[in-house]
Amino acid sequence: MGKALIIGAGGVASVVVHKCCQNSDVFDDICIASRTKSKCDALKDKLGGGKTKISTARVNADNTDELIALIREYKPDIVINVALPYQDLSIMDACLETRVSYVDTANYEPPDTAKFEYKWQWAYRERFEKAGITALLGSGFDPGVTGVFCAYAQKHYFDEINYIDILDCNGGDHGYPFATNFNPEINIREVSANGSYWENGKFIETKPMEIKRTYNFDGVGERDMYLLHHEELESLGINIKGIKRIRFFMTFGESYLTHLKCLENVGMTSIKPIDFEGRQIVPLQFLKAVLPDPATLGARTVGKTNIGCIFRGKKDGKARTYYVYNVCDHRECYKEVGSQAVSYTTGVPAMIGAMMIMTGKWNRAGVYNIEEFDPDPFMDALNKWGLPWKENFNPVLVD
Ligand code: NDP
């Protein structure tokens with residue numbers, strides 16, 4: 001039994017709050033703290049009155065002193081960061097100062113450059129170790145469950161894994177010509193960046209959407225998918241034994257890509273500030289303000305997601321392939337927690353990661369990526385908390 005401070009009150013945070021309340025044996029007290037307190041209060045109004053005690057607070061998570069004051073007042077056992085990647089370091093600083101463990105779902109990004117690297121957070125390793133607290137990096141689905149899948153494959157099925165393809169398919173339809181399934185600013189920064197894959201110890205860069213494949217996904221059907229850079233490639237490249245190549249593919253529909261291209265061409269996806277009527281605005285932040293809020297997509301999204309990893313490697317000297325994945329239904333998620341599957345598949349693992357640390361199942365001081373821990377209790381928890389996984393030992397491979 002313990003106390004969790006949940007920072008952020010958006011699409012993913014809403015799922016984390018629901019799941020913590022369902023898991024009141026572990027989370028008997030939570031505080032939801034975010035920039036807009038009314039969103040925290042709305043979650044409390046919806047879910048309060050159950051076994052988990054809920055309080056709310058306003059906090060600017062860019063401000064470490066404000067965070068320290070809140071942590072000292074609330075005294076959580078863990079901080080779950082489901083605000084934005086820009087806040088990772090200020091929240092880690094506050095956790096260090098107050099000696100409280102930390103979990104997030106996305107690597108730190110400097111606001112003025114779209115960089116997806118762990119170097120800033122890995123620089124905290126020694127300080128977290130000395131403070132005797134844990135930072136669990138990337139406990140969403142990808143990064144997150146994909147890393148747990150890799151650790152599980154490595155532990156149970158392979159002596160060495162040579163190739164990993166991470167396939168992220170969202171077969172959902174929200175009926176809008178263009179909308180993003182999680183924070184639009186973060187999503188568009190990610191998909192409009194150059195692609196890259198990890199091969200023989202280094203990243204090979206590609207143009208955005210340069211590499212395309214088609215795959216027939218269980219529960220969804222055939223979809224076009226495109227190679228993207230994704231942050232977990234960096235840590236998996238180091239943590240998986242014998243790895244030669246890791247690629248990450250995400251599916252996109254024609255309408256999404258056509259709109260994105262057009263928005264890029266007119267400069268709306270730029271993160272460089274421009275002068276507008278006497279003040280500076282960032283085009284991408286303005287675009288975010290006019291796009292549908294991902295937290296509102298749940299009610300109108302139908303279809304399924306399918307996210308997983310295909311492995312190729314060796315066991316007892318013989319070649320082996322293995323595919324492990326989760327299929328998640330948007331409507332079912334909405335029925336359960338009022339959110340679409342992209343928020344759901346991120347929020348459930350964030351709750352599970354926090355649970356692993358709070359219950360002492362994962363107990364190592366320092367800063368770790370998720371694949372560095374024992375995957376077994378996390379895999380069991382996925383089946384229990386709404387993200388059951390399937391295995392296939394003879395999958396169709398991606399060329
Ligand atoms: P939303 O935009 O819906 O929510 C973000 C929340 O953070 C909002 O409540 C926002 O407040 C709050 N926030 C932003 N800045 C601050 C600040 N300075 N201080 C306090 N609160 C702040 O985003 P999502 O819920 O879609 O995404 C949350 C996180 O999950 C992101 O980091 C995203 O990258 C990550 N993610 C990870 C995935 C994975 O699989 N690993 C997949 C999808 C998302 P306000 O309401 O005032 O704007």
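Every number for a ligand or one of its atoms is a count from 1 in the order of the listing. As a basis for the values below, the full set of heavy atoms in this structure was taken, side chains included, without hydrogen atoms, waters or symmetry mates.
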Check the pair Glu371 / Ser235 against side chain to side chain donor-acceptor pair (under 3.5 Å), numbers first and verdict last.
-> CA-CA 8 Å; Glu371 66 273 11; Ser235 65; 2.8 Å; yes
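Residue pairs meeting the ring pair (Phe, Tyr, Trp, His ring centres under 6.0 Å) criterion with at least one member in residues 183-225, sequence neighbours excluded, are Trp198-Phe203, Phe203-His229, Tyr215-Phe217.
Classification of the Tyr118-Trp122 ring pair by plane angle, with boundaries at 30° and 60°, yields parallel. The aromatic rings of His259 and Phe178 sit parallel to each other, their planes meeting at less than 30°, with 60° as the upper class boundary.
The residues lining ligand 1, counting any heavy atom closer than 4.0 Å, are Gly8, Ala9, Gly10, Gly11, Val12, Ser34, Arg35, Thr36, Lys39, Val59, Asn60, Ala61, Asp62, Val82, Ala83, Leu84, Pro85, Gln87, Thr105, Ala106, Gly140, Phe141, Asp142, Pro143, Phe182, Asn183, Ile186, Thr346.
Counting only distance, with no hydrogens or angles, the side chain of Tyr368 and the backbone of Ala365 share a donor-acceptor pair below 3.5 Å. Looking at Thr36, its side chain never comes within 3.5 Å of a backbone N or O of Ser38 through a donor-acceptor pair.
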